[in-house]
Engineer: 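After the structure tokens below, expect a handful of questions from me.
Just the heavy atoms: all of them, side chains too, but no hydrogens, waters or symmetry mates, feed the values below.
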Amino acid sequence: MQEATPAPRSAGGPQAPRTVSIRDVAREAGVSHQTVSRVVNGHSKVKESTRARVLQVIAELGYTPNRMARALAGGAVRSVTVLTSDTSLYGASSTLKGIEVAARAADFAVGISVLDAGSAQQSADVAARVSRPGEAVLVIAFDAPGVRAWQALPAGFPAAAAVERPEDGRSGDRPELWLDDRAAAAQATRYLLGLGHETVHYLAIPSSTTRVGQRTEGWLDALRAAGKPLPEPLDAGWSPRSGYLVARSLLADPSVTAVLCGNDDLALGVLRAAREAGREVPGDLSVVGFDDAPHSAYAHPALTTVRLDFEGLGRGCFGLLHRLLEPDTAPALPLGAEPELIVRESSGPAPSRRDRPKG
């Protein structure tokens, strides 16, 4: 593997910052540069603990192998195109980050093609988005445009996708990876019921298909298992504004004491609507989000939420593709973290339970 080439220095002027080299990574990780090369090139004969340490240093230092040097030497320049509809949403952007880190470590270039939300996504349209015929493709299919692209992708392309959890928990006929949104939503709902709330209302994000989304299904699973009332899920879009608009009418009902939101942005909108309605959080209203986006810990009050490992999902998704492309040399699939409920300030006992005398 070729080492990254230092940037040229101008005589008499300020020196350009030096490009990070493979030896810099080796020194920081405490291994030989040959070991870094083996990790970057996906060789299996590297201890998993060493591989993880090297990959972490690669990410921290921003090391990029010199693909131009490889190309000039006659080697193949490997690349992957990522299809996604919205890089501004936390889940998609974090998944993309995980893909980029894993791809860079394996010496793959990454291109991004943003899908049009209203496009029909015919096979020819999807194929035209890839720079070279038969090039490797990853699809972030959390929403309808991503699903349409994944379904329309011609069979000749080596590909994998990050998808919403299938209803039956089984992958399709092509490599797919997902997070267990359904189990995570059920966990969050059980947590709120355990605080004494008679039921939990739900603000739903759009599903990736026409069926009910898996977060909605998990919420319903927990309510049904507990024999609690089943409010209608409220379609609320993705943004804080959409959560705010839906919550204004919902919170006019004083019997509503617990709200689970399909993402943290919706929860921010609910917190705003609660303040305007004079509803104390968590005094007489508990609000729980989803995803643990960076801003959730700094909301007022800090948001209780479900943490999902989207970066791990992205690394795993690239790992599926890498094994498809290079089955003899690609490393084992990385393990992502399980969904985790992060309890902060925005949730608490139901008002009736809070007001009961102790003893």
Engineer: Considering only NZ, NE, NH1 and NH2 on the basic side and carboxylate oxygens on the acidic side, decide whether Glu276 and Arg272 come within less than 4.0 Å.
Structural biologist: yes

Engineer: Are the side chain of Ser346 and the backbone N or O of Leu303 linked by a donor-acceptor pair below 3.5 Å?
Structural biologist: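 A pair under 3.5 Å: no.
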
Engineer: Answer yes or no: is there a donor N or O on one side and an acceptor on the other, between the side chain of Ser94 and the main chain of Phe310, under 3.5 Å?
Structural biologist: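 Absent.
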
Engineer: Work out which heavy atom in Thr305 is nearest to a heavy atom in Gly289; give both atom names and the distance.
Structural biologist: OG1-C, 3.2 Å

Engineer: Between Asp291 and Val306, is a side-chain contact (heavy atoms from CB on, under 4.5 Å) present by the stated rule, with each step listed?
Structural biologist: CA-CA 5 Å; Asp291 295 343; Val306 179; over 6 Å; no

Engineer: Say whether, by atom type as modelled, one donor and one acceptor occur between the side chain of Arg279 and the main chain of Leu251 under 3.5 angstrom.
Structural biologist: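 Pair found, side chain donor or acceptor close to backbone of Leu251.
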
Engineer: Between Arg224 and Trp219, is NZ or CZ placed under 6.0 angstrom from the six-membered ring centre and within 45° of the ring axis?
Structural biologist: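 Pair Arg224/Trp219 does not count as cation-pi.
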
Engineer: Kindly indicate, with the supporting measurements, whether the criterion side-chain contact (heavy atoms from CB on, under 4.5 Å) is fulfilled by Val287 and Leu285.
Structural biologist: CA-CA 7 Å; Val287 180; Leu285 176 70; 4.0 Å; yes

Engineer: Give a yes or no answer on whether the side chain of Arg53 reaches the backbone of Ala29 with a donor-acceptor pair at less than 3.5 Å.
Structural biologist: yes

Engineer: Considering non-hydrogen atoms only, spot the tightest contact between Pro229 and Leu223 and give its length.
Structural biologist: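 In terms of heavy atoms, the two residues are closest at O-CD1, 3.7 Å.
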
Engineer: Pairing donors with acceptors under 3.5 angstrom, does anything connect the side chains of Gln214 and Trp178?
Structural biologist: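 No, no side-chain donor-acceptor pair sits under 3.5 Å.
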
Engineer: Check Ser296 against Asp264 and note the closest heavy-atom contact, atom names and distance.
Structural biologist: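 Closest heavy-atom pair between Ser296 and Asp264: CB-OD2, 3.7 Å.
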
Engineer: Taking all atoms of both residues into account, what is the closest heavy-atom pair of Thr84 and Ala92, and its distance?
Structural biologist: OG1-CB, 4.1 Å

Engineer: Does the Thr304 side chain pair with the main chain of Val288, one donor and one acceptor, at a distance under 3.5 Å?
Structural biologist: no

Engineer: Closest approach of Ile99 and Gly314, non-hydrogen atoms and distance?
Structural biologist: CG1-O, 3.4 Å

Engineer: Would you say the ring centroid of His322 lies under 6.0 angstrom from that of Phe108?
Structural biologist: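 Aromatic pair counts; centres sit under 6.0 Å.
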
